[in-house]
Amino acid sequence: MATIVRIKLSESTDGRGISVAATSSTGTDIHEGPATVADYDEVWLWASSIHTSGVTLTLEWGGTTAAGDHFKTVVEPNETVLVAPGWVLKGNGTELLVKAFASTADVINIVGHVNRIDDA
């Protein structure tokens with residue numbers, strides 16, 4: 001039977017927001033997925049803008065080079081949006097990473113949590 005444990009994002013300090021400093025690939029570290037093959041991370045991320053105009057946010061999901069690794073959204077001023085609604089990272093013997101970069105540095109903050117599922 002699978003067990004599920006809610007954990008903070010690996011790069012968050014005590015569950016606090018992570019400021020996206022990077023403006024190009026490879027982005028700011030957000031979360032390191034599981035290395036254990038039987039584990040899955042269900043990742044929930046919200047992005048909040050403190051900027052006065054729209055900012056393009058790119059999530060790098062599990063890698064940074066393949067076309068399928070990049071997911072873009074525009075975060076409008078003073079807006080908080082769900083950018084990863086439970087997307088999954090599976091352990092494959094190495095940790096897959098979630099990174100982010102934005103069109104303007106240090107104006108997007110990311111918060112969230114992970115449901116780690118042990119399917120052993």
Side-chain angles (χ1 to χ4, degrees):
M1 182 169 167
T3 58
I4 302 171
V5 177
R6 181 173 285 189
I7 60 174
K8 70 176 188 66
L9 299 171
S10 65
E11 302 306 311
S12 171
T13 301
D14 300 328
R16 296 183 70 192
I18 301 165
S19 180
V20 178
T23 57
S24 63
S25 185
T26 61
T28 300
D29 291 345
I30 304 299
H31 181 68
E32 184 176 300
T36 305
V37 174
D39 288 353
Y40 296 80
D41 277 1
E42 179 187 77
V43 183
W44 293 81
L45 300 177
W46 288 262
S48 182
S49 173
I50 58 170
H51 200 43
T52 56
S53 60
V55 176
T56 300
L57 172 71
T58 302
L59 290 180
E60 296 178 304
W61 198 264
T64 60
T65 56
D69 293 340
H70 288 188
F71 298 88
K72 293 183 181 240
T73 192
V74 174
V75 185
E76 296 298 334
N78 302 313
E79 179 180 66
T80 299
V81 295
L82 179 63
V83 294
W87 293 348
V88 173
L89 289 173
K90 183 186 182 311
N92 65 358
T94 61
E95 297 87 359
L96 296 176
L97 302 175
V98 177
K99 296 176 174 279
F101 62 90
S103 57
T104 303
D106 298 317
V107 297
I108 298 291
N109 297 311
I110 294 184
V111 296
H113 66 273
V114 173
N115 295 319
R116 180 150 293 163
I117 303 164
D118 179 351
D119 201 24

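Index from 1, following the sequence.
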Run the side chain to side chain donor-acceptor pair (under 3.5 Å) test against [X] and tell me which residues pass, sequence neighbours left out.
X    : value
T104 : none
E32  : none
D106 : S19
H51  : none

Discussion item. Once salt bridge (Lys or Arg N to Asp or Glu O under 4.0 Å) is applied, what residue pairs with a partner in residues 77-94 remain, sequence neighbours excluded?
Written reply: none
Can you name the side chain to side chain contact (heavy atoms under 4.5 Å, CB included) partners of [X], sequence neighbours left out?
X    : result
A84  : L45, L59, W61, W87
A105 : T23
S48  : T80
V111 : W46

Worksheet item: Got L57 and V83 here, is their nearest side-chain heavy-atom distance under 4.5 Å?
Response: yes
Practice prompt. Determine whether D119 and D39 make a side-chain contact, defined as any pair of heavy atoms from C-beta on separated by less than 4.5 Å.
Written response: no
Practice prompt. May I ask you to list the residues sharing a hydrophobic cluster with I4, side-chain cutoff 4.5 Å, ordered by chain and number?
Written response: Y40, V88, I117
Discussion item. If we check side chain to side chain contact (heavy atoms under 4.5 Å, CB included) with V107, which of these qualifies: V20, V75, V55?
Written reply: V55
Worksheet item: How would you list, by chain and number, every residue that makes a salt bridge (Lys or Arg N to Asp or Glu O under 4.0 Å) with D118, sequence neighbours excluded?
Response: none
Discussion item. Considering only residues two or more places apart or on different chains, which pairs with a residue in residues 67-78 satisfy side chain to side chain donor-acceptor pair (under 3.5 Å)?
Written reply: E60-H70
